[in-house]
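Working notes, beginning with the structure itself.
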There are 2 protein chains.
Amino acid sequence: MRVTIKDIARAAGVSHTTVSRALRDSEEIRPETRARIRAIAEALGYRPNPVARALQGRRTQTLGVVVTRLSDPFHTEVVQGIEMVAQARGYGVLLSLSHEDPEKERSIVELLAAKQVDGIIVAASRLGSRYLPMLEALQIPIVLINSHQTGPYVYSVATDNVHGGYLATRYLIGLGHRAIAYIGSRRGGRSNQDRYRGYRQALREAGLPLRPEWVVKGDGRVEGGEAAMRRLLETDPRPTAVFCYNDLTAIGALKAALRAGLRVPPDLSIIGFDGLEEGTYVTPMLTTVAQPRRQLGRLAAEMLLEILEGRPSPKHILLQGTLIERESCGPPG
Amino acid sequence: MRVTIKDIARAAGVSHTTVSRALRDSEEIRPETRARIRAIAEALGYRPNPVARALQGRRTQTLGVVVTRLSDPFHTEVVQGIEMVAQARGYGVLLSLSHEDPEKERSIVELLAAKQVDGIIVAASRLGSRYLPMLEALQIPIVLINSHQTGPYVYSVATDNVHGGYLATRYLIGLGHRAIAYIGSRRGGRSNQDRYRGYRQALREAGLPLRPEWVVKGDGRVEGGEAAMRRLLETDPRPTAVFCYNDLTAIGALKAALRAGLRVPPDLSIIGFDGLEEGTYVTPMLTTVAQPRRQLGRLAAEMLLEILEGRPSPKHILLQGTLIERESCGPPG
DNA sequence: CAAATTTTCGCACACGTGTGCACCCTTCAT
DNA sequence: ATGAAGGGTGCACACGTGTGCGAAAATTTG
């Protein structure tokens with residue numbers, strides 16, 4: 001059997017009330033008594049029962065985390081960031097996967113709320129604004145990662161996609177490219193639109209035309225990037241550089257280009273987005289706009305904990321991505 | 001405020017006892033009463049409080065999962081398998097990362113136990129047999145993934161590393177290779193030894209010599225594989241094929257080989273282990289011995305649930321890997 | 001119609017921890 | 001010596017759900 005405060009009370013010859021107070025270092029209990037009880041608790045190997053505490057105090061010390069898929073390396077790093085903060089502050093992390101199904105995401109969030117988590121972090125939500133009424137009904141603070149929404153219980157941490165798209169495209173322009181394509185993502189939603197916006201803005205500023213046939217869509221994964229690149233390779237004239245929605249897309253694009261016998265660079269330059277480890281696996285290594293992924297997770301968790309513990313916190317945080325120059329870009333050949 | 005059975009009792013004009021029984025479909029309550037109470041519960045939007053249930057019934061419906069790092073793609077797939085099963089059966093998944101620190105792994109397992117999880121799954125444990133006394137003291141069933149141990153509360157699911165190593169090496173021999181190297185892992189522990197054992201066995205059977213200078217060690221990650229391959233490239237004669245401890249190591253080896261100007265194949269053949277998605281990102285795509293990773297997670301979760309729900313279950317399951325032929329191997333050139 | 005039986009429900013307590021308030025025992029002042 | 005003041009501790013209840021057992025109501029039986 002597990003040791004409870006009643007067992008300690010019996011051993012110490014006091015009531016469980018006194019034990020409870022002694023262990024919480026209450027001023028009401030005489031110091032010697034406190035010390036004696038602590039010693040007995042130690043000797044008996046007492047571990048407080050968090051379930052009972054939660055029932056009593058209405059706090060489970062647990063954060064719910066909702067993610068679409070873990071097989072997407074973007075999310076894993078975010079979750080690691082969350083977990084590190086949570087672990088350091090004594091919170092547990094209850095993980096649920098939605099598999100990109102909005103309906104499932106909804107039911108998962110409700111399930112987490114029913115499980116009495118203190119707060120929820122949702123990474124890469126697929127749910128739009130119709131989401132909000134539910135969140136408010138739950139009365140649980142929620143932090144959205146890379147999905148901006150507004151509402152009384154809703155907070156967010158995101159990277160600036162417009163800026164990132166602009167950064168990538170400017171970089172290619174700076175290398176001397178004038179024929180720059182964009183491979184987007186069917187499933188990218190708002191973030192795809194924003195990166196595309198940054199791309200257009202950079203083109204416009206440089207006085208470069210926006211060619212519709214150079215804007216194609218993948219699916220945010222390797223296969224989609226590959227297929228999209230094959231379509232780009234058939235255009236005439238061909239772009240000399242490609243900005244890809246994310247690194248997986250870029251890796252697919254690179255595969256297709258290499259298979260077509262192109263040298264990357266100089267025949268083609270490819271830049272990705274995210275800053276995944278995986279970008280260093282390929283040859284040439286992928287140049288990319290890195291999102292501070294772990295930071296996203298960390299900040300989301302810290303924000304949530306601040307809110308839960310009643311400290312002030314900003315409601316929305318926007319982070320900037322940074323360019324990582326590796327090998328997949330160069331001047332047009 | 002949250003709706004409790006007391007609220008329902010008040011609305012229905014019965015005691016909370018009756019409500020509790022009605023909702024659990026007890027035979028003691030008259031069918032009409034049951035239906036009436038259910039209707040009221042429905043109307044009020046009642047959700048049972050799992051914390052209170054856990055306190056009363058000693059079950060939290062939560063599984064603890066311990067993993068070294070999520071950034072290792074091997075684990076993510078395993079965790080996904082676990083989560084899918086858990087979600088389908090109404091269990092939550094409490095995730096903790098140990099970051100390859102044995103001491104942390106220990107404390108995490110104890111923390112999970114303190115948090116009253118019903119069972120624990122440990123993926124890729126770094127703790128050896130001195131682990132066992134603690135596990136027994138906790139009296140919580142534990143399933144180890146890819147780490148075989150024996151004890152009253154200890155179960156395991158693993159892939160057959162000896163067989164996998166043998167399979168990979170036989171495949172290379174079958175292609176005509178007679179100079180086959182092995183890049184192991186410093187941190188691989190038992191699994192590294194077993195894969196190496198399979199390698200030696202295949203060499204012995206084929207009458208090939210085991211050359212010490214062709215057995216080097218990486219760290220199970222890309223960088224280590226790269227460095228190890230550079231060392232191999234300096235040997236004379238050079239191996240014509242390399243079996244790598246895992247896919248990340250193989251990706252590193254491939255990078256080094258390509259950088260040295262080798263064609264893979266025919267100048268060099270490389271085979272990995274794990275069957276990661278990442279193996280398809282590189283050019284040429286990696287041939288590998290695939291572990292049924294999601295299956296590992298699934299089986300571990302199913303095993304644990306069987307045990308928890310009192311159904312019989314095998315204590316140890318050993319799965320076989322399968323060869324996936326892609327592009328990185330061919331006859332020696 | 002009364003007694004025995006069955007059905008239906010509520011009382012009281014349990015699970016482990018926390019807390020408002022009353023009570024008891026010192027201690028000190030009068 | 002008596003009263004007040006104050007510190008130290010325990011009683012009783014709360015949190016939400018589940019359950020053994022007894023009591024009341026409904027039904028069957030003699």
Side-chain angles (χ1 to χ4, degrees), chain A residues 1-38 40-42 44-62 90 111 113-118 139-140, chain B residues 1-38 40-42 44-62 90 111 113-118 139-140:
Chain A
M1 267 308 292
R2 206 181 156 114
V3 180
T4 75
I5 55 171
K6 287 190 188 169
D7 300 320
I8 301 174
R10 206 174 308 122
V14 296
S15 74
H16 80 275
T17 308
T18 304
V19 175
S20 173
R21 290 199 176 107
L23 294 179
R24 323 200 96 234
D25 252 341
S26 163
E27 293 296 328
E28 299 180 272
I29 306 299
R30 199 192 331 166
E32 306 98 73
T33 312
R34 262 186 269 170
R36 191 165 58 90
I37 289 176
R38 297 197 91 85
I40 294 178
E42 176 76 20
L44 261 48
Y46 169 73
R47 305 269 141 206
N49 183 333
V51 173
R53 280 213 172 135
L55 181 59
Q56 152 68 27
R58 298 149 133 35
R59 280 289 167 87
T60 52
Q61 301 267 97
T62 303
L111 198 117
K115 280 230 174 200
Q116 310 267 75
V117 297
D118 296 337
Q139 308 215 353
I140 292 181
Chain B
M1 267 306 294
R2 205 182 158 113
V3 180
T4 74
I5 56 171
K6 286 189 187 168
D7 300 320
I8 301 174
R10 207 174 309 118
V14 296
S15 74
H16 80 276
T17 308
T18 305
V19 175
S20 173
R21 291 199 175 108
L23 294 179
R24 323 202 97 234
D25 252 342
S26 162
E27 293 297 328
E28 298 180 90
I29 307 299
R30 200 189 333 163
E32 305 100 72
T33 313
R34 261 186 268 171
R36 193 166 57 91
I37 290 176
R38 295 198 93 86
I40 295 177
E42 176 76 19
L44 262 48
Y46 169 72
R47 305 267 142 207
N49 182 331
V51 174
R53 280 214 172 136
L55 181 59
Q56 151 66 29
R58 307 161 119 34
R59 280 290 165 87
T60 54
Q61 300 267 98
T62 302
L111 198 118
K115 280 230 175 200
Q116 310 266 73
V117 297
D118 295 337
Q139 306 216 355
I140 292 182

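In what follows, every chain begins at residue 1, and chains take the letters A, B, ... in the order their sequences are listed.
- A distance of 9.0 Å separates NE2 of His16(B) from CZ of Arg21(B), quoted to the nearest 0.5 Å.
- As rounded to whole Å, 12 Å separates atom C1' of dT17(D) from atom CD of Gln116(A).
- Between the CG atom of Leu23(A) and the P atom of dT17(C) there is a distance of 9 Å, given to the nearest Å.
- Each of Val19(A) and Leu55(A) was matched to the nucleotide of DNA chain D holding its nearest heavy atom; the match closer to the 5' end belongs to Val19(A).
- Atom CD of Gln56(A) is separated from atom P of dA14(C) by 18 Å (rounded to the nearest Å).
- Within 6.0 Å of the CZ atom in Arg47(B), the count of heavy atoms belonging to other residues, nucleotides or ligands does not exceed 12.
- Rounded to an integer number of Å, the gap from CZ of Arg2(A) to P of dC15(C) is 14 Å.
- Residue contacts shown for Val51(B) are absent, as no nucleic acid heavy atom lies under 4.0 Å away.
- Proximity note for Thr33(A) (side chain, C-beta onward) versus dG10(C), dT17(D), dT9(D): the nearest is dT9(D).
- For Glu32(A), the CD atom sits in a packed shell: over 12 heavy atoms of surrounding residues, nucleotides or ligands are nearer than 6.0 Å.
- Residue Arg47(B) contributes atom CZ, which lies 17 Å from atom C1' of dT17(D) at whole-angstrom precision.
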List the steps, then state whether salt bridge (charged side-chain N to carboxylate O under 4.0 Å, His left out) holds for Arg2(A) with Asp7(A).
CA-CA 9 Å; Arg2(A) 206 181 156 114; Asp7(A) 300 320; over 6 Å; no
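- Distance Arg59(B) CZ to dC15(C) C1': 15 Å, rounded to the nearest Å.
- Nearest nucleotide to the side chain of Pro48(A), out of dG10(D), dG10(C), dT17(C): dT17(C).
- Applying the 4.0 Å criterion to OP1 and OP2 of dT9(D), one finds that Arg30(A) has a side-chain N or O inside that range.
- Interatomic distance, CG of Leu23(B) versus CD1 of Ile37(B), reported as 7.0 Å (0.5 Å rounding).
- When each of Ile5(B) and Ile29(A) is assigned the nucleotide of DNA chain D with its nearest heavy atom, Ile29(A) is the one assigned upstream, toward the 5' end.
- When the side-chain nitrogen and oxygen atoms of Thr17(B) are compared with OP1 and OP2 of dG10(C), none of them lie within a distance under 4.0 Å.
- Protein atom CD of Glu32(B) is 13 Å distant from nucleotide atom P of dA26(D), rounded to whole Å.
- With hydrogens and angles ignored, no donor-acceptor pair closer than 3.5 Å exists between the side chain of Arg36(A) and the base of dG8(D).
- The phosphate of dT17(D) (OP1 or OP2) has no side-chain N or O of Ser20(B) nearer than 4.0 angstrom.
- At dG10(D), one or more side-chain N or O atoms of Ser15(A) fall inside 4.0 Å of OP1 or OP2 (strictly under the cut-off).
- At least one side-chain nitrogen or oxygen of Arg24(B) sits closer than 4.0 Å to the OP1 or OP2 atom of dG18(D).
- Distance from the side chain of His16(A) is smallest for dA12(D) among the nucleotides dA12(D), dC15(C), dG10(C).
- OP1 and OP2 of dT9(D) both lie 4.0 Å or more from every side-chain N or O belonging to Arg21(A).
- To the nearest 0.5 angstrom, Ile8(A) atom CD1 is 6.5 Å from Leu44(A) atom CG.
- Spacing between atom CD of Gln61(B) and atom P of dG18(D) amounts to 12 Å, rounded to whole angstrom units.
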